[in-house]
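The residues of the chain are indexed from 1 along the displayed sequence. A quick note: this is a predicted structure, and the numbers were derived from the prediction, not measured.
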Amino acid sequence: ALGGVNRARNWFSYPAGKALNAARTAGMLGGAAQAILFAPAHWAGLLAEFLGKYGVAFTHLPVEGEGRVCVMLNQGSKETVINTDLDMHPSPKLAARMLGLVLKAAEKPGFIVCSGSLPPTMGDSRFRGLLKVASSGSARLVLDVTGARLRTGILFRPWLIKPNLYEFRALVGRTAQSVSGLLAAA
(Lines give C-alpha, C1' and ligand atoms only; values in the text may rest on other atoms or scores of the structure.)
Protein backbone atom coordinates (compact mmCIF):
# COMPACT_ATOMS: atom_id res chain seq x y z
CA ALA A 1 0.00 0.00 0.00
CA LEU A 2 1.17 3.50 -0.71
CA GLY A 3 2.52 5.37 2.30
CA GLY A 4 3.52 2.22 4.16
CA VAL A 5 6.32 -0.30 4.28
CA ASN A 6 5.79 -3.02 1.69
CA ARG A 7 7.57 -6.35 1.78
CA ALA A 8 7.85 -8.65 -1.20
CA ARG A 9 6.84 -12.28 -0.78
CA ASN A 10 8.98 -13.35 -3.75
CA TRP A 11 11.62 -11.76 -5.92
CA PHE A 12 13.97 -12.79 -8.68
CA SER A 13 16.53 -11.11 -10.88
CA TYR A 14 17.62 -11.78 -14.44
CA PRO A 15 19.00 -9.82 -17.41
CA ALA A 16 16.26 -8.63 -19.77
CA GLY A 17 15.14 -5.80 -21.98
CA LYS A 18 14.24 -5.53 -25.65
CA ALA A 19 17.68 -6.44 -26.99
CA LEU A 20 18.22 -9.50 -24.80
CA ASN A 21 14.64 -10.65 -25.30
CA ALA A 22 15.08 -10.47 -29.09
CA ALA A 23 18.34 -12.47 -28.92
CA ARG A 24 16.81 -14.98 -26.53
CA THR A 25 13.77 -15.46 -28.80
CA ALA A 26 15.99 -15.97 -31.85
CA GLY A 27 18.00 -18.56 -29.93
CA MET A 28 14.84 -20.34 -28.77
CA LEU A 29 13.69 -20.52 -32.40
CA GLY A 30 16.98 -22.13 -33.45
CA GLY A 31 18.63 -19.03 -34.91
CA ALA A 32 22.33 -18.33 -34.55
CA ALA A 33 21.91 -15.32 -32.29
CA GLN A 34 24.80 -13.11 -31.26
CA ALA A 35 24.23 -10.29 -28.79
CA ILE A 36 26.61 -7.33 -28.57
CA LEU A 37 25.91 -5.38 -25.43
CA PHE A 38 27.14 -2.80 -23.01
CA ALA A 39 26.66 -4.06 -19.47
CA PRO A 40 28.31 -3.57 -16.09
CA ALA A 41 31.44 -5.69 -15.67
CA HIS A 42 29.96 -7.64 -12.76
CA TRP A 43 27.14 -8.93 -15.02
CA ALA A 44 29.48 -11.20 -17.04
CA GLY A 45 28.63 -14.44 -15.23
CA LEU A 46 24.93 -13.64 -15.04
CA LEU A 47 24.80 -12.92 -18.78
CA ALA A 48 26.72 -16.09 -19.65
CA GLU A 49 24.37 -18.24 -17.57
CA PHE A 50 21.18 -16.56 -18.79
CA LEU A 51 22.01 -16.34 -22.51
CA GLY A 52 23.69 -19.75 -22.51
CA LYS A 53 20.35 -21.38 -21.67
CA TYR A 54 19.04 -20.14 -25.02
CA GLY A 55 22.10 -20.81 -27.15
CA VAL A 56 22.88 -17.10 -27.54
CA ALA A 57 26.51 -16.17 -28.04
CA PHE A 58 27.38 -12.71 -26.82
CA THR A 59 30.08 -10.12 -26.71
CA HIS A 60 30.06 -8.31 -23.40
CA LEU A 61 31.40 -4.77 -23.55
CA PRO A 62 31.96 -4.00 -19.86
CA VAL A 63 31.16 -0.47 -18.78
CA GLU A 64 31.41 1.60 -15.65
CA GLY A 65 28.13 2.28 -13.94
CA GLU A 66 25.01 0.21 -13.57
CA GLY A 67 22.40 -1.18 -15.90
CA ARG A 68 18.74 -0.34 -15.81
CA VAL A 69 16.78 -1.78 -12.95
CA CYS A 70 13.16 -2.64 -13.61
CA VAL A 71 10.97 -3.37 -10.63
CA MET A 72 7.60 -4.96 -11.29
CA LEU A 73 5.07 -4.90 -8.49
CA ASN A 74 2.18 -7.34 -8.85
CA GLN A 75 -0.89 -7.42 -6.69
CA GLY A 76 -3.66 -9.58 -8.07
CA SER A 77 -4.42 -8.40 -11.59
CA LYS A 78 -2.70 -5.02 -11.10
CA GLU A 79 0.90 -4.41 -12.08
CA THR A 80 3.14 -1.41 -11.62
CA VAL A 81 6.47 -1.13 -13.42
CA ILE A 82 9.25 1.15 -12.18
CA ASN A 83 12.30 1.64 -14.42
CA THR A 84 15.46 3.42 -13.42
CA ASP A 85 17.49 5.26 -16.04
CA LEU A 86 20.64 3.81 -17.48
CA ASP A 87 23.80 4.91 -15.72
CA MET A 88 26.45 3.51 -18.05
CA HIS A 89 29.34 5.38 -19.52
CA PRO A 90 31.02 3.55 -22.41
CA SER A 91 34.35 5.05 -23.33
CA PRO A 92 34.94 6.24 -26.90
CA LYS A 93 37.26 3.22 -27.33
CA LEU A 94 34.50 0.83 -26.22
CA ALA A 95 31.92 2.55 -28.47
CA ALA A 96 34.36 2.16 -31.39
CA ARG A 97 34.75 -1.53 -30.53
CA MET A 98 30.98 -1.94 -30.72
CA LEU A 99 30.95 -0.26 -34.13
CA GLY A 100 33.63 -2.67 -35.33
CA LEU A 101 31.65 -5.68 -34.13
CA VAL A 102 28.48 -4.39 -35.78
CA LEU A 103 30.38 -3.75 -39.04
CA LYS A 104 31.66 -7.33 -39.00
CA ALA A 105 28.11 -8.63 -38.40
CA ALA A 106 26.70 -6.38 -41.16
CA GLU A 107 28.98 -7.98 -43.74
CA LYS A 108 27.24 -11.35 -43.34
CA PRO A 109 23.76 -12.32 -44.51
CA GLY A 110 21.26 -12.32 -41.67
CA PHE A 111 19.75 -9.69 -39.43
CA ILE A 112 21.03 -6.94 -37.21
CA VAL A 113 18.42 -6.08 -34.63
CA CYS A 114 18.87 -2.70 -33.01
CA SER A 115 16.55 -2.67 -30.03
CA GLY A 116 16.27 -1.35 -26.55
CA SER A 117 17.99 1.62 -25.02
CA LEU A 118 21.49 2.80 -25.59
CA PRO A 119 23.20 4.60 -22.74
CA PRO A 120 22.27 8.31 -22.77
CA THR A 121 25.96 9.12 -23.19
CA MET A 122 25.75 7.58 -26.66
CA GLY A 123 24.09 10.58 -28.25
CA ASP A 124 22.35 10.97 -31.58
CA SER A 125 25.52 11.21 -33.67
CA ARG A 126 26.81 7.90 -32.27
CA PHE A 127 23.39 6.31 -32.86
CA ARG A 128 23.41 7.50 -36.50
CA GLY A 129 26.93 6.11 -36.87
CA LEU A 130 25.79 2.77 -35.50
CA LEU A 131 22.87 2.65 -37.96
CA LYS A 132 25.10 3.65 -40.87
CA VAL A 133 27.44 0.76 -40.11
CA ALA A 134 24.57 -1.67 -39.41
CA SER A 135 22.94 -0.91 -42.76
CA SER A 136 26.16 -0.94 -44.79
CA GLY A 137 26.39 -4.64 -45.64
CA SER A 138 24.25 -7.55 -46.64
CA ALA A 139 22.57 -8.00 -43.23
CA ARG A 140 19.01 -6.74 -42.88
CA LEU A 141 18.45 -4.01 -40.32
CA VAL A 142 15.56 -4.40 -37.88
CA LEU A 143 14.64 -1.54 -35.53
CA ASP A 144 12.81 -1.81 -32.23
CA VAL A 145 13.49 1.61 -30.75
CA THR A 146 11.33 4.54 -29.70
CA GLY A 147 10.80 8.24 -30.26
CA ALA A 148 13.46 10.29 -32.00
CA ARG A 149 15.64 7.22 -32.48
CA LEU A 150 12.86 5.49 -34.39
CA ARG A 151 12.38 8.57 -36.60
CA THR A 152 16.14 8.74 -37.18
CA GLY A 153 16.37 5.01 -37.83
CA ILE A 154 13.80 5.09 -40.61
CA LEU A 155 16.17 7.29 -42.61
CA PHE A 156 18.48 4.25 -42.87
CA ARG A 157 15.74 2.24 -44.63
CA PRO A 158 15.50 -0.70 -42.23
CA TRP A 159 14.06 -3.97 -43.48
CA LEU A 160 11.59 -3.97 -40.57
CA ILE A 161 10.48 -1.67 -37.78
CA LYS A 162 8.57 -2.97 -34.76
CA PRO A 163 6.81 -0.09 -33.06
CA ASN A 164 4.15 -0.77 -30.48
CA LEU A 165 0.85 1.08 -30.83
CA TYR A 166 2.00 4.07 -28.77
CA GLU A 167 5.27 4.34 -30.76
CA PHE A 168 3.42 3.99 -34.07
CA ARG A 169 0.93 6.73 -33.19
CA ALA A 170 3.79 9.05 -32.22
CA LEU A 171 5.65 8.19 -35.42
CA VAL A 172 2.79 8.92 -37.83
CA GLY A 173 1.30 11.74 -35.74
CA ARG A 174 -2.18 10.20 -35.78
CA THR A 175 -4.37 8.21 -33.47
CA ALA A 176 -5.81 5.04 -34.91
CA GLN A 177 -8.00 2.56 -33.06
CA SER A 178 -8.24 -0.29 -35.59
CA VAL A 179 -5.94 -2.30 -37.84
CA SER A 180 -7.45 -0.64 -40.92
CA GLY A 181 -6.89 2.77 -39.32
CA LEU A 182 -3.26 1.87 -38.59
CA LEU A 183 -2.71 0.71 -42.18
CA ALA A 184 -4.25 3.91 -43.52
CA ALA A 185 -1.97 5.97 -41.26
CA ALA A 186 1.12 4.09 -42.44
Side-chain angles (χ1 to χ4, degrees), residues 13-29 31 33-39 47 50-51 54 56 58 61 63 65-74 77-90 95 98-99 101-102 105-106 110-137 139-186:
S13 174
Y14 63 92
K18 285 183 174 186
L20 289 180
N21 289 341
R24 181 173 61 151
T25 300
M28 290 169 63
L29 294 172
Q34 164 76 33
I36 303 168
L37 57 126
F38 293 119
L47 289 166
F50 182 75
L51 293 173
Y54 304 101
V56 176
F58 73 98
L61 302 172
V63 293
E66 190 53 71
R68 175 176 288 158
V69 175
C70 174
V71 177
M72 298 175 71
L73 305 172
N74 293 294
S77 63
K78 296 180 181 178
E79 178 177 277
T80 300
V81 178
I82 303 166
N83 276 325
T84 62
D85 230 344
L86 291 171
D87 184 29
M88 289 193 253
H89 307 279
M98 176 181 251
L99 279 178
L101 291 166
V102 171
F111 297 91
I112 294 180
V113 180
C114 183
S115 64
S117 301
L118 287 171
T121 54
M122 285 198 68
D124 291 339
S125 64
R126 282 190 175 171
F127 181 66
R128 284 190 300 277
L130 178 67
L131 292 177
K132 182 178 180 181
V133 167
S135 62
S136 67
R140 295 175 175 177
L141 176 62
V142 176
L143 289 179
D144 185 6
V145 295
T146 63
R149 291 201 165 161
L150 178 57
R151 285 188 295 281
T152 297
I154 288 172
L155 300 175
F156 291 85
R157 303 189 49 81
W159 185 76
L160 175 75
I161 62 171
K162 194 210 77 59
N164 61 32
L165 182 58
Y166 172 79
E167 294 161 347
F168 183 79
R169 287 175 176 165
L171 180 65
V172 299
R174 296 188 200 152
T175 301
Q177 300 299 329
S178 66
V179 172
S180 60
L182 292 172
L183 293 174

So, taking the atom named [atom1] in [X] and the one named [atom2] in [Y], what distance separates them when rounded to the nearest 0.5 Å?
X    : Y    : atom1 : atom2 : value
L130 : R149 : CG    : CZ    : 9.0 Å
L20  : L47  : CG    : CG    : 6.5 Å
L171 : I161 : CG    : CD1   : 5.5 Å
L99  : K132 : CG    : NZ    : 11.0 Å
R140 : R157 : CZ    : CZ    : 14.0 Å
F58  : F50  : CZ    : CZ    : 11.5 Å

Looking only at non-hydrogen atoms, find the nearest pair between [X] and [Y] and report the distance.
X    : Y    : result
F168 : P163 : N-CB, 3.8 Å
V145 : S115 : CG1-CA, 4.2 Å
C114 : L141 : CB-CD1, 4.4 Å
Y166 : N164 : N-OD1, 3.1 Å
A139 : I112 : CB-CG1, 3.9 Å
P158 : L143 : CG-CD1, 3.8 Å

For atom NZ of K18, is the number of surrounding heavy atoms from other residues, nucleotides or ligands below 6.0 Å larger than 12?
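Enclosed.
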
Could you check V142 against K162 for side chain to side chain contact (heavy atoms under 4.5 Å, CB included), going step by step and ending with a plain yes or no?
CA-CA 8 Å; V142 176; K162 194 210 77 59; 5.5 Å; no

